Amino acid sequence: MNEPKRKALLLSVHLKSKDLWSAEQSLLELEALARTLEIEVVAKEMQSRDSPDPRTFVGQGKLEEVKQIIAEQKIDLVIFDHDLSPNQGKHLERALEMMVLDRTQLILEIFFDHAKTPEAKAQVEVAQLEYMLPRLVGMWAHLDREKGGIGASRGTGEKQINIDRTLIRNRITKLEKILAQAQKDRGVQGKQRQNCFQVALTGYTNAGKTTLMHQVSELEEVGEDKLFATLESRTRKLPGFSHPELLLTDTVGFIQNLPHGLVASFRSTLSVVRDADLLLHVADASNPNLEQHLETTFKVLEEIGADQVPQLLVFNKADLVEDPSRLVWLKSRYPGCLTVSSFSKEDLAGLLERVKEHFAKNYISQEVLIPYAFSKWVNRYFELTEVLSQSFEEEGVRLSYKTTYGNQQILDALIRQKEVS
Ligand SMILES: Nc1nc2c(ncn2[C@@H]2O[C@H](COP(=O)(O)OP(=O)(O)OP(=O)(O)O)[C@@H](O)[C@H]2O)c(=O)[nH]1
Ligand SMILES: [Mg+2]
């Protein structure tokens with residue numbers, strides 16, 4: 001039997017120094033985040049203020065209003081569209097007599113739900129534990145209240161908090177060791193892939209990265225209309241590329257105000273983005289918040305040290321854009337960008353063509369004559385180059401081929417070896 005959906009009230013503060021539209025968009029995004037966790041959003045409330053209330057973020061009047069809605073609509077969860085300090089969280093839970101989640105906690109819950117591999121699970125757990133550490137006091141207060149304070153003297157609570165802190169720190173240390181090992185293993189894999197070009201899909205959550213990857217590599221699987229559907233990176237070979245092969249990797253999406261701890265703990269997963277030869281920065285062309293999504297992605301890429309990797313901006317979901325002049329505007333605003341729909345074969349062929357063009361400058365065409373005494377080298381040339389023609393002459397095998405500068409260096413070293421010996 002399905003569990004009944006949790007019913008939530010979303011609460012937001014519009015700071016008067018900032019624009020109202022952004023606050024409204026952020027609240028809509030919070031709703032999508034809640035939906036991703038199968039939470040039913042029953043009510044949305046926003047209050048305009050000059051500055052947040054230091055104790056409860058919203059003002060007293062709003063709190064009373066919210067309390068009434070909670071009672072009338074049988075709400076079991078309040079979600080705040082801001083990050084709350086440990087104290088604010090505590091005061092709010094006390095005032096509303098109800099569980100209060102902030103934006104970061106909601107995102108962490110989604111990440112926790114979607115983490116499948118041991119590495120992704122460990123990364124999310126580290127972020128959750130670090131978020132929890134300063135909030136332990138509040139949690140104990142909550143527990144004491146539920147038990148009516150009976151049997152839990154003040155000293156016991158404090159002792160418990162210290163024990164918990166030590167346990168949490170030990171657990172974080174253990175998880176970090178697991179993550180370091182995973183990163184080391186990935187390093188080994190990375191070395192084995194030296195003969196490939198790495199292309200990574202990156203961008204805001206729900207932009208269509210996973211869909212694009214599956215459509216391009218002609219797989220049946222499709223993306224999900226959920227935020228943070230993908231947490232671990234998956235890699236596929238791109239069709240039509242050989243010597244070297246081109247590997248396409250799908251990665252975790254970004255979001256505005258991505259919890260800082262989360263970015264840090266996903267650093268190792270995101271190393272595929274940092275080490276890529278080319279980034280396909282995918283954005284949802286039909287989203288009214290497109291520019292803010294781009295900005296967020298640029299910022300996170302900078303944070304993880306990937307802002308120097310060449311980037312091809314891919315505006316996806318062009319089929320959902322009703323006004324064709326928007327696509328024209330995007331092309332002039334972002335020169336060199338592409339507008340595509342993941343579901344158009346023609347668009348995807350165009351995308352692959354652009355990727356090919358990008359790497360073309362890394363290729364050289366060469367010819368070599370391999371003496372028969374060294375014919376075992378021929379295999380090596382077939383491994384490392386795209387052989388265009390082969391002819392058997394009197395002195396040896398003549399190959400004409402296309403390869404990358406990197407692979408040519410390996411072949412040059414082979415020839416030097418022969419000259420030395
Ligand atoms: N109409 C239309 N829908 C698309 C297109 N590309 C993706 N979608 C839909 O957009 C939703 C999100 O797609 P995903 O591929 O999961 O997005 P993502 O970027 O991988 O998202 P995260 O993994 O959460 O970062 C899905 O419902 C897709 O079917 C497109 O070109 N056109
Ligand atoms: Mg995805």
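This structure is a prediction, so every number in the text was calculated from the model and none was measured. Heads up: numbering here begins at 1 and tracks the sequence. Each ligand, and each atom within it, is numbered from 1 in the order the structure gives. What you see below is based on every heavy atom in this structure, not just the backbone, and it leaves out hydrogens, waters and symmetry mates.
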Per-atom contacts of ligand 1 with [X], taking only distances under 4.0 Å to non-hydrogen atoms:
X: D319; answer: 1 (N), 2 (C), 30 (C), 31 (O), 32 (N)
X: G253; answer: 25 (O)
X: S342; answer: 6 (N), 30 (C), 31 (O)

Option whose closest heavy atom lies nearest to atom 6 (N) of ligand 1, chosen from L348, T36, N316: N316

From the candidates M213, K209, K317, the one that places a heavy atom nearest atom 10 (O) of ligand 1: K317

Whether T210 has an N, O or S atom under 2.8 Å from the Mg ion (ligand 2): yes

Derivation and outcome, side chain to side chain contact (heavy atoms under 4.5 Å, CB included), residues H281 and L294: CA-CA 9 Å; H281 176 172; L294 292 172; 3.6 Å; yes

Within the 6.0 Å centroid threshold, strictly below: Y401 and F382: no

Distance flag, aromatic centroids of H293 and F254, threshold under 6.0 Å: no

If we only count N/O pairs under 3.5 Å, is [X] in contact with ligand 1?
X: T211; value: yes
X: G208; value: yes
X: A207; value: yes

Minimum heavy-atom distance between R49 and V58, given as atom pair plus value: NH1-C, 3.9 Å

Euclidean distance, L278 CG relative to R354 CZ, rounded to 0.5 Å: 10.0 Å

Test item: D81 side-chain N/O and V13 main-chain N/O as donor-acceptor pair under 3.5 Å: no

L320 contact mode with ligand 1 (heavy-atom cut-off under 4.0 Å): side chain

With L92, the side chain to side chain contact (heavy atoms under 4.5 Å, CB included) member among L84, N87, D102: L84

